[in-house]
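Step one of this worksheet: look at the structure below.
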Protein chains: 2
Amino acid sequence: MDICVTSLLRDKGFKVTPQRLAIYNALAATTAHPSAEMIYNELQPIYPTMSLATVYKTIEILKELNLVQILNVGEDSFRYDANTSNHPHVRCMCCGRVDDLHGIDSIDFVSRVSSQTDYTIQGQQFYFYGICPKCQNESAAKQ
Amino acid sequence: MDICVTSLLRDKGFKVTPQRLAIYNALAATTAHPSAEMIYNELQPIYPTMSLATVYKTIEILKELNLVQILNVGEDSFRYDANTSNHPHVRCMCCGRVDDLHGIDSIDFVSRVSSQTDYTIQGQQFYFYGICPKCQNESAAKQ
DNA sequence: GTCGCTGCAAATGATTTGCAGCCGA
DNA sequence: TCGGCTGCAAATCATTTGCAGCGAC
């Protein structure tokens, strides 16, 4: 993975720095879809001089290289995903966690939309909202 | 429509003011999914003392009354829709306009997702991205 | 007359930008 | 060496909040 990011950065004329690798690795190592601030807080202990600005600038570059995608789940801040495949996401309205939805085949749905609109469809984002298993259990336990 | 908004406001203990009616009417009269600033700019000539803060506060109330829904199409600002039915939206990546997608049946897709996740699904938002007919034509004309 | 509402101005908070010194190539 | 990069601080911008006077009821 690192080798891949390293060469991709170099190929596009970007310098390879410890911060950039750390930010990409932090994103690649989780499915929690962290926000910029969450990434910053996670790296702060390891890179005490790391700044939020660097996180934002790096994510901008990673987005250009198609190494991360940006999620807009309706919060005040964006979230980021190192899994750049076009998959739906679900957000827990109770605890705020954001998960991937695996194994959902949306090709039929997308092609149906494409054929029913005058737009040339180039991409899509599907966001679901609900209650995660953990919050369901906690809610049930309280009753 | 006005009668409906008026009584809904009153029923919930909110006062009925010209500003609130004007903001709701502005939203109900368009399918352009305006942002707060667009609504403000539209009403400014008619209500010269109207403030952006009032637009935001009113939209908050209209959301509580389920008279508008909030769209998060990946821009820096939110957009609002007086059509509160749960329908997909499409955004032109060229000119930025946001349109409704009518006649799309997503029930099968949603129920398939519901059955394949441990979440209790309570809602969803589908955003498509592409090029609108107008921009397609302009692009073709240039070639 | 009361109390919620408006609208101004100031505050907030996520993200961006400017810039001086640093460091990867 | 050298130009891009980091990280600090300041700027930006959408949205929210505080509050004094106003207006719906």
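First the proteins, then the strands, lettered A, B, ... as listed; each starts at 1.
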In whole angstroms, how far is the [atom2] atom of [N] from the [atom1] atom of [X]?
X: B:Arg20; N: C:dG7; atom1: CZ; atom2: C1'; result: 13 Å
X: B:Glu75; N: D:dC13; atom1: CD; atom2: P; result: 16 Å
X: B:Tyr47; N: D:dG23; atom1: OH; atom2: P; result: 14 Å
X: A:Tyr40; N: C:dA14; atom1: OH; atom2: C1'; result: 14 Å
X: B:Met50; N: C:dC5; atom1: CE; atom2: C1'; result: 12 Å
X: B:Leu62; N: C:dC5; atom1: CG; atom2: P; result: 12 Å

Does [X] have a side-chain nitrogen or oxygen under 4.0 Å from the phosphate oxygens OP1 or OP2 of [N]?
X: B:Thr49; N: C:dG7; result: yes
X: B:Gln19; N: D:dG23; result: no
X: B:Ser51; N: C:dC8; result: no

Donor-acceptor list for residues 28-36 of chain B side chains, cut-off 3.5 Å, not counting sequence neighbours:
from	atom 1	to	atom 2	distance (Å)
B:Thr30	OG1	B:Ala32	N	2.9
B:His33	ND1	B:Thr31	O	2.7
B:His33	ND1	B:Val98	O	2.9
B:His33	NE2	B:Asp81	OD2	3.2
B:His33	NE2	B:Asp100	OD1	2.8
B:Ser35	OG	B:Met38	N	3.3

Rounded (10°) bend between the five-pair end axes of the helix from C:dG1-D:dC25 to C:dA25-D:dT1: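 The angle, to the nearest 10 degrees, is 40°.
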
Those residues that, when tested against A:Ser51, pass side-chain contact (heavy atoms from CB on, under 4.5 Å) (two or more places apart): A:Ala53, A:Thr54

Using a cutoff of under 3.5 Å, can you pull out all pairs of nitrogen or oxygen atoms linking the protein to nucleotides 15-17 of chain C, with atom names and distances?
from	atom 1	to	atom 2	distance (Å)
C:dT15	OP1	A:Phe78	N	2.8
C:dT15	OP2	A:Tyr56	OH	2.2
C:dT15	O5'	A:Tyr56	OH	3.2

Of all pairs that satisfy ring-ring contact (aromatic ring centres under 6.0 Å, His included), the ones with a partner from residues 44-79 of chain B, not counting sequence neighbours: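 Output for this query is empty, none listed.
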
With sequence neighbours excluded, residues passing ring pair (Phe, Tyr, Trp, His ring centres under 6.0 Å) with A:His87: A:His89

Annotated protein contacts, base or backbone, on nucleotides 20-25 of chain C with a non-hydrogen cut-off under 4.0 Å, one of B, S, - each: ----BS

Sequence neighbours excluded, every pair satisfying salt bridge (Lys or Arg N to Asp or Glu O under 4.0 Å) that has a member inside [range]:
range: residues 120-134 of chain A; result: A:Lys134-A:Glu138
range: residues 56-73 of chain B; result: B:Glu60-B:Lys63
range: residues 11-30 of chain A; result: none

Side-chain heavy-atom pair B:Phe14, B:Leu8 within 4.5 angstrom cut-off: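 No, their side chains stay 4.5 Å or more apart.
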
Other cluster members, B:Phe109 - Ile/Leu/Val/Met/Phe/Trp/Tyr, side-chain contacts below 4.5 Å: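 Same cluster as B:Phe109: A:Val90, A:Leu101, A:Ile104, A:Phe109, A:Val110, A:Val113, A:Tyr119, A:Ile121, A:Phe126, A:Phe128, B:Val90, B:Leu101, B:Ile104, B:Val110, B:Val113, B:Tyr119, B:Ile121, B:Phe126, B:Phe128.
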
Any donor-acceptor N/O pair, B:Ser7 side chain to B:Cys4 backbone, under 3.5 Å: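 Yes, B:Ser7 side chain to B:Cys4 backbone: donor-acceptor pair under 3.5 Å.
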
Non-neighbouring partners of A:Gln19 that pass side chain to side chain donor-acceptor pair (under 3.5 Å), sequence neighbours left out: none

